[in-house]
Amino acid sequence: MAEYAQVIVDVPTMQTNRPYTYKIPTKLQSQLECGMRVIVPFGKGERKIQGFVVGFATKEEFVENIEIKEIISTMDLAPVLAKEGLLLADWLAQKTFSFKISCLQAMLPNVMRASYTKKLRVLSPELLSDEVKLFFAGQAEVEFNEEQLSTKLLRELTLLRKKDALEVIYQVNDRAKPKMVMMITSLVTRENYEMLKKQVRKNATRQLELLAFLAQKSGQTFARSELPTNLVQTLSQLKKAAELGWIKLEEKEAYRDPYATKEVQKTQPQKLTAEQQVAVDAVSQAIDAKQAQPFLLQGVTGSGKTEVYLQTIAHALKNGQTALMLVPEISLTPQMVQRVKARFGSQVAMLHSALSDGERYDEWRRIERKEAKVVVGARSAVFAPVSDLGVIIVDEEHETSYKQEDMPRYHARNVVLWRAKYHHCPVILGSATPALETRARAQKGVYRHLKLTKRINGNALPQVELVDMRQAIRTAPRPDFSEVLLAQIKERLARNEQVVLMLNRRGYSSFVLCRECGFVLKCPNCDVSLTLHMDTHSMKCHYCGHEEAIPQRCPSCNSKKIQYYGTGTQKVQAELEKLLPNARILRMDVDTTRKKGAHERLLAKFGAHEADILLGTQMIAKGLDFPNVTLVGVLNADTALGLPDYRSSERTFQLLTQVSGRAGRADKSGQVVIQTYNPEHYAIQLACKQDYERFFFYEMNLRHLNHYPPYYYTIRLTVSAKTEAAAAKESFAIKKSLDQCLSPEAIVLGPTPSSILRINNRFYYQLVIKYKSEPALETYLHELLLQSQQGERKGIQVVIDRDPVNFL
DNA sequence: GGCCTGCCGCCC
DNA sequence: GGCGGCAGGCCT
């Protein structure tokens, strides 16, 4: 047995990718394993911190003349991370320029992240001054936080500490406690009942009642809560009953099942179309052959991708294997979840952001203990502790929400591909509008290309009509509604059918502008205008959360001619109510869906036809399936097109194609109306025709000409600081060292101020590196990562983002 | 000379 | 984050 353990330590703001060596105390020699969490002393102050055991060493393996400290204790009886998780963390840290500790933490449920508390304890009470005594208020131990103390008190406390009159205690708190329930098995039988009864005092009525109760439940196991409370009040009474041999006691883990209340009707596999059958067969063969083969399943909306997913999952389960399915957070709500639950019942574990930390931990435990064989979840579910994976599915694989925006900045799709290699299992990347990178790999044969070209019900794709707003605005009854669209809406309402209206939120919110002097109300902390929120009657900043009252007079010129400009969902709703006073309108945006479960409730309401029009932002475009919706209107197709992001065409195309697919999914045919100021733009034209293939080749050509992915790799460096000068200085310094390490083939854009220079009183500059092959770059960026930690003290932050999903 | 303060490097 | 070390400044 090794004497020493390698530990990745969790020290806030001081992160290394180097493990530290600790001595294993004899009492832990036999039980310590890789992947366990431990508590170790760190630094001069012997501060206690959490760490992960990632390896072992013997004395010969290191020749260093430093004092080796001992592990204090373990936090786990069994490893919380398997070997796969540890290997994956190494790979992630390397690929995403992240600290290993952040990768390890990302794989565990939140509750396993240590929380630290600091306490002061009195050793020599006689040395304390009156002020310090007041601080302790008669207690021997007090929790404290430097920031909350006056400098005078702090100085005094520091002095007392030097004199050993006080000591600081660091504590690591583990919040991961499985909820336990006491299970009782009755050992009282008809045979021994009389005998046991004789042993009880005649006047002990409670005991006799209990015995009678147990005789009724003979041999059964039940929770303690099912025992009438008047029979057994305390745990010691229970234990006594166990001693007498009346019952057997057991502690069992209780799970908080967030879906427990809902009864789901079980569904059977549906009959497949020829195309679906080809897809299911291809993936099933790869499952049987244990091939780590990725498939691109490209199918128009309504072509039955989900049924392909479900049947391949069933195939994996039949082989005794498990399955992992990722869906975008937004569509993780009602319908997709229902369909998976309906097929696989209690074998399904759900992981999504609406779960409480406790619920999430319970689901994680169910997976780890192999009680759940099918895992469905959003981005972070990609780390679910599933073993023996048979197939992994990524639905709507082009969704940008699969990319994590903070450390570790991973793309779930890439993690999936890694895990598939590890488990030797196939991957299905499903989408109607695959990311260009994905489709390009299918072109090259890296992914196998499966196509679903027909809608299941044989319906034609919806008719799409473009409205050129440059013309239409002249006769439009309201600036956001053309005559054509309004007429179409009225027609549906008359037929008692439903309508979905979408507006692009980006650049589409209400702000306040003074018509006298042109003053625009801006956030005091960020370089953005404040957005009007009618529900709270206030002006809000979407970046830092700043909130203030709606001005009655212009703060600049004191004119009363200050009014709302632009269009938010709220304003559109108000317009719509004026145009169609009898229509029932449901608004769905960030504001109306903030509360837990609100998203679900709104959709259920719309599904039950309690509203005629669903008005919302991007979130309504995804995965919804309402048979009675026969008209989809897009109010502003092009607001995203003008953004300085090379992906804006791709985004617009995807969004329009997706939302168009929402119309007429069942027996009724659908109509789509798209209002735009750029009717001739290729992304809009081709989205109208639902022509992904032409869009793909056209866009690929542009990417090739402009040196963008998938022809080039990109890395974005963002530098932020408290002053603009500091941010600029640091970013130019980085640019200089980059020039030294890069080959002439690489392209560096910038440094330039970010599109929003100031957010929350920090200034942002950015650099973009475009390259094909740069052997020295990865090493340089890892050095930059370690270096950037020093800068953090001076308030300079550097963020390295490989393959960023947006350039803003 | 003594001691407070700010900055820097290191922590198994 | 926290601690010791070290350099520079000002007090008595």
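Heavy-atom basis, side chains included; hydrogens, waters and symmetry copies ignored. In what follows, chains carry the letters A, B, and so on, assigned in the order in which the sequence lines appear, proteins first and then strands, with residues in each chain numbered from 1.
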Pairs under 3.5 angstrom, nitrogen or oxygen only, protein versus nucleotides 7-11 of chain B, please.
residue	atom	partner	partner atom	Å
B:dG9	O6	A:Arg793	NH1	3.3
B:dC10	N4	A:Arg793	NH2	3.3

Can you list the stems that include DNA chain B, where a stem is three or more consecutive Watson-Crick or G-U pairs with distances under 3.5 Å?
B:1-11 with C:1-11

Interatomic distance where CD belongs to A:Glu46 and C1' belongs to B:dC12 [whole Å]
11 Å

What is the distance, rounded to the nearest whole Å, between atom CG of A:Leu120 and atom P of C:dG2?
12 Å

Enumerate the salt bridge (charged side-chain N to carboxylate O under 4.0 Å, His left out) contacts for residues 744-763 of chain A, please, sequence neighbours excluded, ordered by first and then second residue.
A:Asp527-A:Arg758

Cation-pi between A:Lys722 and A:Phe763: NZ/CZ under 6.0 Å from ring centre and within 45° of the ring axis?
no

With sequence neighbours excluded, what pairs up with A:Lys95 under the side chain to side chain contact (heavy atoms under 4.5 Å, CB included) test?
A:Trp91, A:Arg802

A:Glu143 and A:Lys119 ion-paired at < 4.0 Å
no

In whole angstrom, what separates A:Gln171's CD from C:dG1's C1'?
18 Å

Working note: A:Asp801 + A:Lys403, criterion salt bridge (charged side-chain N to carboxylate O under 4.0 Å, His left out); need CA distance, chi angles, decisive distance, verdict.
CA-CA 10 Å; A:Asp801 192 354; A:Lys403 176 76 190 278; 2.6 Å; yes

Between A:Phe42 and A:Tyr20, is the ring-ring contact (aromatic ring centres under 6.0 Å, His included) condition met? List the steps.
CA-CA 10 Å; A:Phe42 194 79; A:Tyr20 286 83; 5.3 Å; yes

Between A:Lys118 and C:dG2, is there a side-chain N or O to OP1/OP2 distance below 4.0 Å?
yes

By side-chain hydrogen bond (donor to acceptor under 3.5 Å, both in side chains) - contacts of A:Lys770 (at least two apart)
none

Could you tell me the separation between the CD atom of A:Glu167 and the P atom of C:dG2, rounded to a whole number of Å?
16 Å

Inter- and intrachain pairs under salt bridge (charged side-chain N to carboxylate O under 4.0 Å, His left out), touching residues 28-43 of chain A, at least two apart:
A:Arg37-A:Asp76, A:Arg37-A:Asp174

